[in-house]
S.K.: 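I'd like to ask some things about the structure below.
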Amino acid sequence: MRLRPLGRSPLAVAPIAFGGNVFGWSADAATSFALLDAFSEAGFNLVDTADMYSSWAPGHAGGESESLIGQWLAQGGGRRERLLIATKVGKWGPRRGLAPDNIRAAAEESLRRLRVETIDLYQAHEDDPSVPLEDSLGAFARLIEQGKVRAIGASNYSAARLAQALDLAERHGLPRYETLQPDYNLADRAGYEAGLEPLARQRGLGVLNYYALAGGFLTGKYRSRADLDKSRVRAGKVERYLDPRGLRILAALDQVAAGHAATPAQIALAWLLARPSISAPIASATSVAQLRELLAAAQLRLSAEEIAALDAAGAPA
């Protein structure tokens, strides 16, 4: 499988990354381990998590996803060598924010939960305007110098703030954010395409976009408000797409999928993979069968006409 570079870092990623938000939440330990086995055995290599996953679930405190990944890695058999671990800091709880002391403490906690000596990609989960960018980058630099982190990335940054961080890193000889993690899919395009995408391409950043399937809407499972009853978890996320534009997008996905004997979800991922700025969309699954369906998208090749039809259907309003 052809790997894609992540910015100027030494890391390279297979075309689809696994979203570890499900581990310990909608996927129990046994299911999580089976998913990680199937993902790794299929030749894919990056799992994305965060120190706060899954703090939103009743009775959870955060760190559940990292802990399960760590338990899986501890089984040995070359698991660590086959997998890139991407995690995040700064969005929730006592470790919220990007102050240097917070970054250092959170990194140590993530390393313990993951049972690893090095985090491959350590990402600022969201911007923290209260802390000077050079202070946060300096903390990341020390982690890299200590061998605890290989590369850093940014999630949920505006184009202006990300450009400022990149400029500061260059000016002061600090490590730069090598990756960007934005909310981007066929139904949510305007924010990324307007400012972040040109910046990512100009500065040579890797892009690992989340919500690649628009919270499940692009699977085609939700086509009317009656369908929202299929999942209480997804209902709040997908209801906003149930409008004429959203239905046009589903119709276009259906048409292209029919030509490939594929599913709408596979086509939605293939559309992302055809976009030059995208390194690997992040997708989640709660069963091995669902995961294998999504990973098969990496083998699809859309024609220029199919991409144009999908572009037109999902054109930002």
S.K.: Is it true that R203 and D167 make a salt bridge, defined as a side-chain N closer than 4.0 Å to a carboxylate O?
M.R.: yes

S.K.: Any side-chain heavy atom of T286 within less than 4.5 Å of one from T31?
M.R.: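 Result no, sub-4.5 Å side-chain heavy-atom pair not found.
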
S.K.: Using the rule that two of Ile, Leu, Val, Met, Phe, Trp, Tyr join whenever any of their side-chain heavy atoms come within less than 4.5 Å, decide whether L6 and L3 are in one cluster.
M.R.: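 Looking at the clustering, L3 is in a separate group from L6.
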
S.K.: Kindly compute the distance separating CD (Q181) from OH (Y211), expressed to the nearest 0.5 Å.
M.R.: 11.0 Å

S.K.: Applying a strict under-4.5 Å side-chain criterion to I, L, V, M, F, W and Y, I'd like to know whether V238 and L242 cluster together.
M.R.: yes

S.K.: What pairs with E178 under side-chain contact (heavy atoms from CB on, under 4.5 Å), at least two apart in sequence or on another chain?
M.R.: R8, S9, R176

S.K.: With heavy-atom distances below 4.5 Å as the criterion, would you say the side chains of W271 and N185 are in contact?
M.R.: no

S.K.: Find the distance between CG (L11) and CG (L121) and round it off to the nearest 0.5 Å.
M.R.: 6.5 Å

S.K.: For a quick check under 3.5 Å, do E66 and S110 share a side-chain donor-acceptor pair by atom type?
M.R.: yes

S.K.: As a quick check of understanding, evaluate side-chain contact (heavy atoms from CB on, under 4.5 Å) for I69 and F33, giving each step before the final call.
M.R.: CA-CA 8 Å; I69 294 169; F33 295 165; over 6 Å; no

S.K.: Output the distance between atom CG (L180) and atom CG (L166), rounded to the nearest 0.5 Å.
M.R.: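 Here the interatomic distance stands at 9.5 Å.
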
S.K.: Run the ring-centre check on F18 versus F39 and record whether the distance is less than 6.0 Å.
M.R.: yes

S.K.: For A194, is there any backbone N or O sitting under 3.5 Å from a side-chain donor or acceptor partner on E197?
M.R.: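 A pair under 3.5 Å: no.
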
S.K.: Check whether S136 reaches the backbone of L98 with its side chain - one donor and one acceptor, N or O, closer than 3.5 Å.
M.R.: yes

S.K.: If we ignore hydrogens and angles and just use 3.5 Å, is the side chain of N45 paired with the main-chain N or O of V13 as donor and acceptor?
M.R.: no

S.K.: Measure from the side-chain N and O atoms of N102 to the backbone N and O of G97, and report whether any donor-acceptor pair falls under 3.5 Å.
M.R.: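 Indeed, once roles are kept as given, a pair shorter than 3.5 Å links the two residues.
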
S.K.: Output yes when a side-chain donor or acceptor of Q146 lies under 3.5 Å from a complementary backbone atom of I144, and no otherwise.
M.R.: no

S.K.: Distance only, no hydrogens: is a donor on one side chain within 3.5 Å (strictly under) of an acceptor on the other, for S277 and R201?
M.R.: no

S.K.: How about R79 and L36: do any of their side-chain heavy atoms sit closer than 4.5 Å?
M.R.: no

S.K.: Any donor and acceptor pair, going by atom type alone, linking the side chain of R245 with main-chain N or O of A187 inside 3.5 Å?
M.R.: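 Yes.
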
S.K.: Looking at K221, is its backbone amide N or carbonyl O close enough to the side chain of T219 to form a donor-acceptor pair, meaning the two atoms are under 3.5 Å apart?
M.R.: yes

S.K.: If we ignore angles and hydrogens, is there a donor and acceptor under 3.5 Å between the side chains of K148 and Y122?
M.R.: no

S.K.: Can you name the ring-ring contact (aromatic ring centres under 6.0 Å, His included) partners of Y210, sequence neighbours left out?
M.R.: none

S.K.: Would you confirm whether H125, through its side chain, and V89, through its main-chain N or O, come within 3.5 Å as a donor-acceptor pair?
M.R.: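 No.
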
S.K.: Go through the steps to decide whether D120 and R150 satisfy the test side-chain contact (heavy atoms from CB on, under 4.5 Å), and finish with yes or no.
M.R.: CA-CA 5 Å; D120 297 300; R150 294 178 67 191; 3.0 Å; yes

S.K.: Applying side-chain contact (heavy atoms from CB on, under 4.5 Å) to H60 and Y53, what does each step give before you reach the verdict?
M.R.: CA-CA 9 Å; H60 287 205; Y53 296 167; over 6 Å; no

S.K.: Please round to the nearest 0.5 Å and tell me the distance separating atom CD1 of I282 and atom CD1 of I16.
M.R.: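 Interatomic distance, I282 CD1 to I16 CD1, rounded to 0.5 Å: 11.5 Å.
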
S.K.: For a side-chain hydrogen bond (donor to acceptor under 3.5 Å, both in side chains) check, start with the C-alpha distance between T263 and E293, then their side-chain angles and the critical distance, and finish with the verdict.
M.R.: CA-CA 8 Å; T263 64; E293 174 198 339; 2.7 Å; yes

S.K.: Could you check if a side-chain atom of E306 sits within less than 4.5 angstrom of a side-chain atom of H260, using non-hydrogen atoms only?
M.R.: yes

S.K.: Roughly how far, to the nearest 0.5 Å, is the OG atom of S284 from the CG atom of L294?
M.R.: 9.0 Å

S.K.: Does S65 use its side chain to pair, donor to acceptor, with the backbone of G20 at less than 3.5 Å?
M.R.: yes

S.K.: Which pairs would a plain distance check flag for residues 249-259, meaning a side-chain donor or acceptor within less than 3.5 Å of a matching protein atom at least two apart in sequence or in another chain?
M.R.:
from	atom 1	to	atom 2	distance (Å)
D254	OD1	R223	NH2	2.9
D254	OD2	R223	NH1	2.9
D254	OD2	R223	NH2	3.3

S.K.: How long is the gap from CG on L111 to OG1 on T118, to the nearest 0.5 Å?
M.R.: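 Spacing of CG (L111) from OG1 (T118) equals 7.5 Å.
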
S.K.: Within a strict 4.5 Å, meaning less than it, do heavy atoms of the V207 and P182 side chains meet?
M.R.: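 Yes, at least one pair of side-chain atoms sits under 4.5 Å.
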
